[in-house]
Structure formats: C-alpha cells, structure tokens
*Asks:* 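My structure is below; once you've seen it, I'll send some questions.
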Amino acid sequence: MKIMLIGFGLVGQGLLQLLHDKAESLQAEQGFTPKIVAVATGSRGILYHPDGLSIPALLAAKGNPAAYKLDAERDFASALELIQCKEADVVIEVTPTNLENPAKATAHCQAAIASKKHLITANKGPIAKHYNELMSAAKSAGVEIRFEATVMAGTPCIAMGRELLSGAKIHEARGIVNGTTNYILTQMESGLSYESALKQAQELGYAETDPTADVEGWDAAAKVLILLAAFFGKQAQLSDLSVTGITGISQADIENAKAAGERYKLIASVSPEGGSVKPMRLPLSDPLAQVSGATNAISFNTDVMGNISLIGKGAGAGETGFALLADLLTIHRKLF
Ligand SMILES: NC(=O)c1ccc[n+]([C@@H]2O[C@H](COP(=O)([O-])OP(=O)(O)OC[C@H]3O[C@@H](n4cnc5c(N)ncnc54)[C@H](OP(=O)(O)O)[C@@H]3O)[C@@H](O)[C@H]2O)c1
C-alpha cells in the first residue's frame with residue numbers, strides 16, 4: 001500500500017514509529033506492507049520517492065525533510081501539488097486542525113478524493129465542517145474516507161458507533177472527549193483551584209498556551225459535529241450547538257457536587273435531535289463519572305444492547321498514530 005503523509009509532526013511520526021516497530025507482525029499476520037512514498041510539511045519541505053522512503057531515515061529526520069539524507073524528489077510547490085500529481089493508494093492528512101478555517105486541509109482531502117486516493121485523517125476541521133460533501137465526493141470516486149483519529153485518538157469510538165453498532169439504534173452517545181478539561185476537573189476535585197489546575201495541565205503538555213478551545217468547550221464541540229455526522233449522518237454547524245465550557249465552574253460547585261455524591265464532567269452529547277457540550281453533575285454510578293485525569297470515554301445508549309461504554313486514551317503521538325494504523329488496516333482488509 002503506497003501512502004502519502006501530509007503533515008510530518010507528532011502524529012505523523014507516531015504512525016511511522018508504529019509502522020517501524022510492528023513491521024514484522026503486520027507483514028506476517030496481516031500481509032500488510034506499507035510504503036511511505038511521500039511526506040509533506042508546511043514550511044520544511046516535501047519528500048517523494050515512488051518506491052518508498054526509508055522509514056528509519058524518516059524517523060531519524062524527526063519531522064524535518066531537510067534532515068533526510070537519502071535520495072528523494074523534493075521539488076514540489078505544495079502538498080496540494082504533490083497529492084494532485086503523484087501516485088499513491090492512500091493520503092493521510094495530519095496537518096494542524098483549524099476549526100475556523102479548515103480550507104487548506106479540506107483542499108488536501110478533496111484533492112486526494114479527486115485523484116482517486118483513499119483518505120485517512122486525524123484533522124477535525126474538514127470532517128467537522130465538510131463531512132457530507134467529502135463523503136459524497138468519495139462515494140462518486142469509489143474511495144474510502146476514515147477518520148478514527150479525530151475523536152478519542154486510538155480508542156475506537158468512531159468504529160464502535162459507525163460499524164460495530166450499525167445494527168443497533170443509537171438513541172444517544174455521551175462522551176468525555178476532551179482530556180484537558182477532564183484533567184482540570186479531576187484536579188479541582190482533589191482541591192486545586194481552576195487556575196492552578198490549568199497551569200498544571202499546561203506544564204504537563206495537556207493544555208495549549210492559549211487554552212480557550214479546550215476550556216470553553218470548542219474542541220469538544222468540533223468532536224460533537226464529527227460524531228453527529230458519523231453516527232446519525234447529520235451535518236451541523238458549531239452555531240447549531242449549545243456549547244458551555246468549564247470556566248464557570250467554581251471550587252464551591254465542585255464541593256457541592258461532591259457532598260451530594262456527584263461529580264462534574266464536561267459532557268459532549270449527540271442524538272438524532274442534535275448535540276451539545278456542557279458541564280454536568282453525574283452520579284458516581286455513571287461510568288463517565290469514574291473517568292479521571294486526561295482519559296476519554298464514551299457511553300452509547302442503544303436499543304438492543306442498552307448502555308455500552310468505552311474508556312481510553314484520547315491523545316498522544318502513538319495513540320493517535322494507532323488510530324491511523326487501524327484505519328489503514330481496515331482499508332487494507334477491505335480493498336487489497
Ligand atoms: N497530537 C494529538 O494528540 C492529536 C490527537 C488527535 C488528533 N490530532 C490531530 O492530528 C493532526 C496533527 O497533529 P500533530 O500533533 O501531529 O501536529 P503538529 O505536530 O503540529 O504537526 C503538523 C504537521 O503538519 C505540517 N503542515 C502544516 N501545514 C501544512 C501544509 N499546508 N501542508 C503540508 N503540511 C503542513 C507541519 O509542517 P511545519 O511544521 O513545517 O508547518 C507539521 O509537519 C492535527 O489536525 C491534530 O488536531 C492530534
């Protein structure tokens with residue numbers, strides 16, 4: 001399988017590390033022999049070789065094509081040109097998420113589909129904003145789109161809702177889909193102020209220097225758009241959702257909930273009626289109340305199976321790389 005990696009940052013390198021570490025078992029057990037024919041960055045160049053680039057040499061280059069010392073074509077104006085003019089079976093789009101304006105990443109996705117390459121992405125922007133359009137273009141072109149990495153990283157919540165539960169009716173799915181806010185709420189419950197918990201989350205690399213997207217609920221809201229589309233085929237916009245973050249929750253609120261045997265969690269909900277993000281007080285008997293730190297979780301309420309919950313890591317280079325690997329293997333099983 002010939003793969004183009006558009007974006008060579010943490011997640012792209014996380015995938016390459018897995019392909020390197022698991023090369024033998026992937027070949028022996030699944031007959032999977034991936035070739036990375038191209039990697040592209042925004043500011044540090046592009047590499048292409050039709051027979052495949054060396055994965056160890058790519059890993060040694062640490063995200064910088066200039067540090068890749070082996071033979072490769074480098075003369076491309078942009079990732080878009082690369083996608084349009086070179087052959088590959090799959091394009092993996094792992095450039096930064098821009099929720100307000102995902103035009104560049106969406107153009108990468110559209111170009112992959114238009115040139116009949118399967119598409120895998122970890123990028124929330126194109127899926128949250130242009131799901132229907134991308135899916136219908138993929139259907140006409142006869143290619144697959146997979147996006148497991150966009151919500152809960154390698155914890156397979158998209159595959160669970162879209163594929164494993166496809167014979168059930170999902171009445172509602174409720175999730176903790178933002179690790180930063182769950183970490184902050186967990187630390188506040190053990191006595192830290194909001195400010196100290198946020199500072200700690202930033203020091204640990206969970207929260208960005210500007211934490212607005214996490215703490216105001218916008219990252220979770222983008223994931224709500226993706227889940228609405230994936231589980232209910234419903235394309236919504238951020239303005240259709242009711243979104244409240246955790247900045248209004250005080251230490252006193254947390255203490256009051258604790259005294260009543262409850263816990264605050266930032267809950268992303270989706271149902272056929274729509275979606276929302278809001279802090280909720282959950283009884284300790286709710287599986288989501290037991291999810292602490294930066295861990296993510298989702299609970300599906302279904303007709304046949306009642307409640308099913310999935311708990312796991314929701315971020316990290318290897319964890320997100322694993323979601324890309326799972327998508328690659330699904331495409332490989334289906335089509336190769
Ligand atoms: N990190 C996680 O835990 C995680 C979890 C789930 C989903 N995701 C999503 O996965 C994606 C990648 O995340 P990351 O952590 O790997 O980001 P990152 O470390 O910032 O890497 C982004 C990469 O994309 C490249 N890039 C930027 N603009 C580009 C363009 N126009 N054309 C080609 N390449 C371009 C960057 O190159 P330059 O450095 O040269 O600009 C860099 O190589 C994001 O959409 C993120 O939201 C990440």
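Whatever order the structure lists ligands and atoms in, that order sets their numbers, starting from 1. Keep in mind that what you see is a predicted model, and the values were worked out from it rather than measured.
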*Asks:* Heavy atoms only: which of Thr320, Leu15, Leu99, Ile46 is nearest to atom 2 (C) of ligand 1?
*Replies:* Thr320

*Asks:* Would you confirm whether any non-hydrogen atom of the protein falls under 4.0 Å from atom 32 (N) of ligand 1?
*Replies:* yes

*Asks:* For ligand 1, is there an N or O atom under 3.5 Å from any N or O atom of Leu10?
*Replies:* yes

*Asks:* Which ligand 1 atoms does Lys124 reach within 4.0 Å, using its non-hydrogen atoms?
*Replies:* 47 (O)

*Asks:* Using a 3.5 Å cut-off on N or O atoms only, is Gly316 in polar contact with ligand 1?
*Replies:* yes

*Asks:* Would a line drawn from the ring center of Phe231 to the ring center of Phe300 be shorter than 6.0 Å?
*Replies:* yes

*Asks:* Between Asp286 and Arg263, is the closest basic N to carboxylate O distance under 4.0 Å?
*Replies:* no

*Asks:* Can you find an N/O atom of Phe8 closer than 3.5 Å to an N/O atom of ligand 1?
*Replies:* yes

*Asks:* How close does the nearest protein non-hydrogen atom get to atom 20 (O) of ligand 1, and which residue and atom is it?
*Replies:* Pro96 CG, 4.3 Å

*Asks:* Heavy atom to atom 11 (C) of ligand 1, shortest distance: which of Asn123, Thr97, Thr95 holds it?
*Replies:* Thr95

*Asks:* Compute the shortest N/O to N/O distance between Lys104 and ligand 1 and return yes if it is under 3.5 Å, no if not.
*Replies:* no

*Asks:* Geometry only, no angles: is Gly9 polar-contacting ligand 1 at N/O separations under 3.5 Å?
*Replies:* yes

*Asks:* Regarding Lys117 and Glu87, does a basic nitrogen lie under 4.0 Å from an acidic carboxylate oxygen?
*Replies:* no

*Asks:* Below the 3.5 angstrom mark, is there an N/O of Val11, backbone or side chain, next to an N/O of ligand 1?
*Replies:* yes

*Asks:* Could Asp327 and Arg146 be called an ion pair, given the rule that one side-chain N must be under 4.0 Å from one carboxylate O?
*Replies:* yes

*Asks:* Around atom 8 (N) of ligand 1, find the nearest protein heavy atom and jot down its residue, atom name and distance.
*Replies:* Ala122 O, 3.9 Å

*Asks:* With only distance considered, is Gly42 within less than 3.5 Å of ligand 1 through an N or O on each side?
*Replies:* yes

